[in-house]
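Here's the structure, in structure tokens; my notes come after.
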Amino acid sequence: MTEITFKTTPEVTLVDYHGSDASIVAAARVSVAGGEEAQYLEHLNVAKTKEYRGLINYLMTHRHGTPFEHNSITFRVAAPIFVFREWHRHRVPWSYNEESGRYKQLDPVFHIPGPARPLINVGTSARPQMVPGSFEQWEKLRAEMEEHYILAYRSYERSLAAGITKEVAREVLPVGIFSTMYATANLRGILHFLSLRIHDPEAKFVSYPQYEIQQAAQQVENIVKKLFPIAYSCYIDNGRVAP
Ligand SMILES: Cc1cc2nc3c(=O)[nH]c(=O)nc-3n(C[C@H](O)[C@H](O)[C@H](O)COP(=O)(O)OP(=O)(O)OC[C@H]3O[C@@H](n4cnc5c(N)ncnc54)[C@H](O)[C@@H]3O)c2cc1C
């Protein structure tokens, strides 16, 4: 029998990227410099950091968004299907390729909330205020989930063994099963995604995303912070409003 794995956290890794803070500046300068400046793709020069910051901050605060579109980041995401359902609501400018439940047997990897995951909402649905459950509540939930996931996956395997095609046999699998995808977007779209999927009480427009997509978004944010440090810091200073 296939061994079943339980995970508490989605995983986001960097696959590929192009562009930098310098390419945001280059794209913005085309408007005044014309074709010659369009060739300019100098890598970020520390001596020019202040100059870049001033322009990028201007673009961010005045919501001149298009210079933030001439770049891209590709992420590999492994997350439960209920997180994918939330993520895939972000249509612009994301491109997605996801593993197929028609063409391959889905791996027996399921999500179980870790003990630190708050389990009780003492706020409202619009403004959730999540607090921890008791250890007994978490332990009961964990046991329920494990039991159900194992039952569901064994049923899936029995249908496959009986010759049922994968696309039909998968119907018994719950939304806690992990899937994987490539997700590619430009910085403007990624910042919009982060503004909705990270809870920050200091943000100009405070969002209340679900814990698990926020775990994934936090990993996206860490990658963005490394690749576009100036644009990222301007975004934070601007109250997490995407340009
Ligand atoms: C905390 C939270 C709770 C949520 N709860 C629910 C819920 O209960 N039910 C539910 O269905 N969804 C829910 N959502 C999903 C939400 O409604 C959006 O679908 C999701 O956040 C993607 O946002 P978006 O449309 O701005 O992003 P994108 O699809 O990436 O679009 C980016 C921007 O492009 C423009 N745009 C895109 N498509 C169009 C269009 N067709 N017409 C005009 N302009 C367009 C808009 O300016 C939009 O902001 C929730 C999201 C969050 C963050």
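Read the numbers this way: they start at 1 and go in the same order the structure lists the ligands and their atoms.
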Cation-aromatic face contact Lys7/Phe110, 6.0 Å, 45 degrees: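 Relative to the ring axis of Phe110, which defines the angle, Lys7 lies outside at least one limit.
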Enumerate, one pair per line, all nitrogen or oxygen atoms of ligand 1 lying under 3.5 Å from a protein nitrogen or oxygen, stating the separation to 0.1 Å; write 'none' if no such pair exists.
unit_1: ligand 1; atom_1: 11 (O); unit_2: Arg89; atom_2: NH1; d: 2.8
unit_1: ligand 1; atom_1: 12 (N); unit_2: Arg89; atom_2: NH1; d: 3.0
unit_1: ligand 1; atom_1: 19 (O); unit_2: Arg89; atom_2: NH2; d: 3.4
unit_1: ligand 1; atom_1: 25 (O); unit_2: Arg91; atom_2: NH2; d: 2.9
unit_1: ligand 1; atom_1: 26 (O); unit_2: His192; atom_2: NE2; d: 2.7
unit_1: ligand 1; atom_1: 29 (O); unit_2: Arg89; atom_2: O; d: 3.2
unit_1: ligand 1; atom_1: 29 (O); unit_2: Arg91; atom_2: N; d: 2.8
unit_1: ligand 1; atom_1: 29 (O); unit_2: Arg91; atom_2: NE; d: 2.8
unit_1: ligand 1; atom_1: 29 (O); unit_2: Arg91; atom_2: NH2; d: 3.3
unit_1: ligand 1; atom_1: 30 (O); unit_2: Arg91; atom_2: N; d: 3.0
unit_1: ligand 1; atom_1: 30 (O); unit_2: Val92; atom_2: N; d: 3.0
unit_1: ligand 1; atom_1: 30 (O); unit_2: Val92; atom_2: O; d: 3.1
unit_1: ligand 1; atom_1: 38 (N); unit_2: Arg91; atom_2: NH1; d: 3.4
unit_1: ligand 1; atom_1: 38 (N); unit_2: Arg91; atom_2: NH2; d: 3.2
unit_1: ligand 1; atom_1: 49 (O); unit_2: His192; atom_2: NE2; d: 3.4

His148 (side chain) donor-acceptor with Glu144 (main chain) under 3.5 angstrom: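 Checked: no pair found.
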Thr180 backbone acceptor or donor facing Glu99 side chain under 3.5 Å: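 Checked: pair present.
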Phe135 ring center within less than 6.0 Å of Trp138 ring center: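 That pair passes the under 6.0 Å test.
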Using atom types as modelled, flag every donor-acceptor pair under 3.5 Å from a side chain in residues 184-195 to any protein atom, sequence neighbours excluded.
unit_1: Thr184; atom_1: OG1; unit_2: Thr74; atom_2: OG1; d: 2.8
unit_1: Asn186; atom_1: OD1; unit_2: Arg188; atom_2: N; d: 3.2
unit_1: Asn186; atom_1: OD1; unit_2: Gly189; atom_2: N; d: 3.1
unit_1: Arg188; atom_1: NE; unit_2: Pro243; atom_2: O; d: 3.1
unit_1: Arg188; atom_1: NH1; unit_2: Glu69; atom_2: OE2; d: 2.6
unit_1: Ser195; atom_1: OG; unit_2: His192; atom_2: O; d: 2.6

Salt bridge present between Lys225 and Glu221 (N-O < 4.0 angstrom):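 Result for this pair is no, no salt bridge flagged.
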